[in-house]
Amino acid sequence: MFENREGKKIPSVSFPMRINNEWKTVNSDELFAGKTVVVFSLPGAFTPTCSSTHLPRFNELAATFKENGVDEIVCVSVNDTFVMNAWGANQECENITLIPDGNGNFTDGMGMLVDKQDLGFGKRSWRYSMLVKDGVIDKMFIEPNIPGDPFEVSDADTMLDYINPDAAKPQAVSIFSKPGCPFCIKAKEMLTENGYRYEEILLGKTVSLTSLKAITGLESTPQIYIDGKHIGGSDELKSFLSQ
């Protein structure tokens, strides 16, 4: 069984990191002092669940966490700083602070260091999340100690529900647009004014009219989707927002 360390201070550890092509040492005491921090730890950068779900969802909910009193979201993994930096460049993580626990000192201090030699990983972190207030662990969600890589309780939604069960989670909004389109500009302004955060799919070199037609059946931009529902263009969006 893994120890639940609620009420205890986080380990005092220094992390050597490469920031802007220079070496910098970040101390865990400084990282957590005077702040409310959500931490999630995972077995490794570039591994499937970590890349497809665990990290992206924390990134997606970062603004909601901030609205509910969280100052920073930190991801810890037993990887070196070069691997973590490469993973960060490859992932949706602009709202996450990636911490390389290359020697496993922090993870060992948390009692979460596990042997993954059967996979050729060596020592890695068990998957867990925690809420830390001014360096003291307020709440921990530790995955069950069963074979494999369980992912049941350390997810972003479970943590957010603990912090505020009534927190309004953002809707998934995407807008197909193209450069210079005045209707696209109008639609984006309407979404922003109404508090919607959106992902823009810009037609150009990597996304073509063919993809737009294949998905929407239409050739005009913008085309807006909210939680999987096709809203339409800027006029349809205006009607939707006025309901």
Side-chain angles (χ1 to χ4, degrees), residues 10-11 13-22 24-102 104-107 110 112 124-135 137-143 149 151 153-164 167 169-173 197-200:
I10 52 95
V13 173
S14 293
F15 304 101
M17 299 174 63
R18 289 287 289 180
I19 301 175
N20 297 323
N21 293 319
E22 294 183 357
K24 181 178 179 180
T25 299
V26 176
N27 187 272
S28 58
D29 296 328
E30 300 170 359
L31 189 64
F32 293 97
K35 294 186 291 185
T36 296
V37 181
V38 166
V39 180
F40 65 104
S41 191
L42 37 80
F46 293 103
T47 52
T49 301
C50 307
S51 298
S52 65
T53 308
H54 210 173
L55 179 67
R57 184 57 173 167
F58 269 104
N59 187 70
E60 183 181 12
L61 291 178
T64 307
F65 276 110
K66 188 172 183 179
E67 291 165 1
N68 286 275
V70 174
D71 299 303
E72 190 169 2
I73 301 175
V74 170
C75 173
V76 178
S77 182
V78 182
N79 291 110
D80 67 69
T81 185
F82 291 100
V83 169
M84 290 295 275
N85 287 349
W87 189 43
N90 181 258
Q91 288 292 306
E92 305 169 55
C93 65
E94 63 273 12
N95 302 307
I96 308 297
T97 300
L98 299 180
I99 297 296
D101 186 27
N105 295 332
F106 183 88
T107 303
M110 286 294 303
M112 292 291 167
R124 293 297 178 102
S125 176
W126 190 249
R127 198 183 295 274
Y128 68 95
S129 67
M130 61 181 174
L131 180 65
V132 182
K133 297 182 178 180
D134 193 22
I137 301 168
D138 176 83
K139 180 66 177 179
M140 289 189 72
F141 292 99
I142 306 169
E143 294 297 339
D149 179 23
F151 182 48
V153 298
S154 63
D155 58 288
D157 291 88
T158 297
M159 178 60 75
L160 183 59
D161 289 343
Y162 169 76
I163 294 171
N164 180 6
K169 298 176 183 177
Q171 292 177 284
V173 182
R197 293 187 288 272
Y198 60 86
E199 182 172 277
E200 184 175 14

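Quantities reported herein were computed from a predicted structural model and do not represent experimental measurements. Only heavy atoms go into these numbers, but all of them, side chains included; no hydrogens, no water, no symmetry mates.
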**Q** Taking the side chain as every heavy atom from C-beta outward, state whether T49 and R127 have any atom pair closer than 4.5 Å.
**A**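 Of all side-chain heavy-atom pairs linking R127 with T49, at least one is under 4.5 Å.
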**Q** Flag the pair D155 / T53 as yes when at least one side-chain heavy-atom distance between them is below 4.5 Å, and no otherwise.
**A**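 Sidechains of T53 and D155: no contact.
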**Q** Does a sphere of radius 6.0 Å around NZ in K35 hold more than 12 heavy atoms from other residues, nucleotides or ligands, not counting ones at 6.0 Å or beyond?
**A**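 Check passes, neighbour count above 12.
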**Q** Test side chain to side chain contact (heavy atoms under 4.5 Å, CB included) on E143 and V153; report intermediate values, then the result.
**A** CA-CA 6 Å; E143 294 297 339; V153 298; 3.8 Å; yes
**Q** Write down the atom of S51, the atom of P56, and the distance for their closest heavy-atom approach.
**A**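 For S51 versus P56, the nearest heavy atoms are O-CG, 3.1 Å.
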**Q** Please round to the nearest 0.5 Å and tell me the distance separating atom OG1 of T81 and atom CD1 of I99.
**A**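 Answer for the OG1-CD1 pair, T81 versus I99, is 9.0 Å.
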**Q** Students often mix this up, so state it plainly: with edges at 30° and 60°, are the rings of F65 and F58 parallel, tilted or perpendicular?
**A**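 Rings of F65 and F58: parallel, under 30°.
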**Q** For G44 versus R124, what's the shortest heavy-atom pair and its separation?
**A**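 Distance-wise, the nearest heavy atoms are CA-NH1, 3.5 Å.
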**Q** How about E94: does its CD atom have over 12 heavy atoms from other parts shown lying under 6.0 Å from it?
**A**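 Enclosed.
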**Q** With a 3.5 Å distance limit and no angle check, can you tell me whether N68 reaches the backbone of T64 through a side-chain donor-acceptor pair?
**A**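 Side chain of N68 to backbone of T64, a donor-acceptor pair under 3.5 Å: yes, one is there.
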**Q** Looking at K169 and D161, does any basic side-chain N land under 4.0 Å from a carboxylate oxygen?
**A**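 Here K169 pairs with D161 in a salt bridge, since their nearest N and O are under 4.0 Å apart.
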**Q** Which heavy atom of C93 sits nearest to which heavy atom of G88, and what is that distance?
**A**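 Closest approach of C93 to G88: SG-O, 3.2 Å.
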**Q** Return the orientation label for the W87 and F46 ring planes: parallel under 30°, perpendicular over 60°, tilted otherwise.
**A**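 It falls in the tilted class, 30° to 60°.
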**Q** Pair M112, M130 - check side chain to side chain contact (heavy atoms under 4.5 Å, CB included), show working.
**A** CA-CA 12 Å; M112 292 291 167; M130 61 181 174; over 6 Å; no
**Q** Look up atom OG1 in T107 and atom CG in D101, then write down how far apart they are to the nearest 0.5 Å.
**A**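 These two atoms lie 4.0 Å from each other.
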**Q** Would you find a donor on one side and an acceptor on the other, under 3.5 Å apart, between the side chain of S125 and the backbone of V78?
**A**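 Not a single qualifying donor-acceptor pair exists.
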**Q** Any sub-3.5 Å donor-acceptor pair from D138's side-chain atoms to V132's backbone N or O?
**A**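 Looks like no, no N/O pair under 3.5 Å.
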**Q** Would you confirm whether D71, through its side chain, and V37, through its main-chain N or O, come within 3.5 Å as a donor-acceptor pair?
**A**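 Absent.
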**Q** Please say which of T25, N105, D29, V26 ends up in a side chain to side chain contact (heavy atoms under 4.5 Å, CB included) with S14.
**A**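 Passing option: T25.
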**Q** Kindly compute the distance separating CE (M17) from CG (L98), expressed to the nearest 0.5 Å.
**A**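 Atom-to-atom, M17:CE and L98:CG are 7.5 Å apart.
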**Q** Just jot down the side-chain contact (heavy atoms from CB on, under 4.5 Å) partners of D80, sequence neighbours excluded, or say none.
**A**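 Scan of D80 (side-chain contact (heavy atoms from CB on, under 4.5 Å), adjacent residues dropped) gives F82, V83.
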**Q** Run the side chain to side chain contact (heavy atoms under 4.5 Å, CB included) test on N95 and K66 for me, step by step, so that the C-alpha distance in whole Å, both residues' side-chain angles and the decisive distance to 0.1 Å come before the verdict.
**A** CA-CA 10 Å; N95 302 307; K66 188 172 183 179; over 6 Å; no
**Q** State which residues pass side chain to side chain donor-acceptor pair (under 3.5 Å) with S129; sequence neighbours excluded, sorted by chain then number.
**A**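 Here no residue qualifies.
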**Q** Examine distances only and state if a side-chain atom of N79 and a backbone atom of P100 form a donor-acceptor pair shorter than 3.5 Å.
**A**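 Not a single qualifying donor-acceptor pair exists.
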**Q** Quick one: does R57's side chain have a donor or acceptor within less than 3.5 Å of a partner on A156's backbone?
**A**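 No; zero donor-acceptor contacts below 3.5 Å.
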**Q** From D149 CG over to C50 SG, what is the distance, rounded to the nearest 0.5 angstrom?
**A**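 Reported to 0.5 Å precision, the distance equals 6.0 Å.
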**Q** State whether the number of non-hydrogen atoms from other residues, nucleotides or ligands found under 6.0 Å of E200 atom CD is greater than 12.
**A**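 Yes.
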**Q** About how many Å separate CZ of F151 and NE2 of H54, when rounded to the nearest 0.5 Å?
**A**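 That separation rounds to 4.5 Å.
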**Q** As a quick check of understanding, evaluate side chain to side chain contact (heavy atoms under 4.5 Å, CB included) for K139 and I163, giving each step before the final call.
**A** CA-CA 10 Å; K139 180 66 177 179; I163 294 171; over 6 Å; no
**Q** Do M159 and F40 touch side chain to side chain, with heavy atoms closer than 4.5 Å?
**A**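 Result no, sub-4.5 Å side-chain heavy-atom pair not found.
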**Q** What distance separates E67 CD from L61 CG, expressed to the nearest 0.5 Å?
**A**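 Atom-to-atom, E67:CD and L61:CG are 10.5 Å apart.
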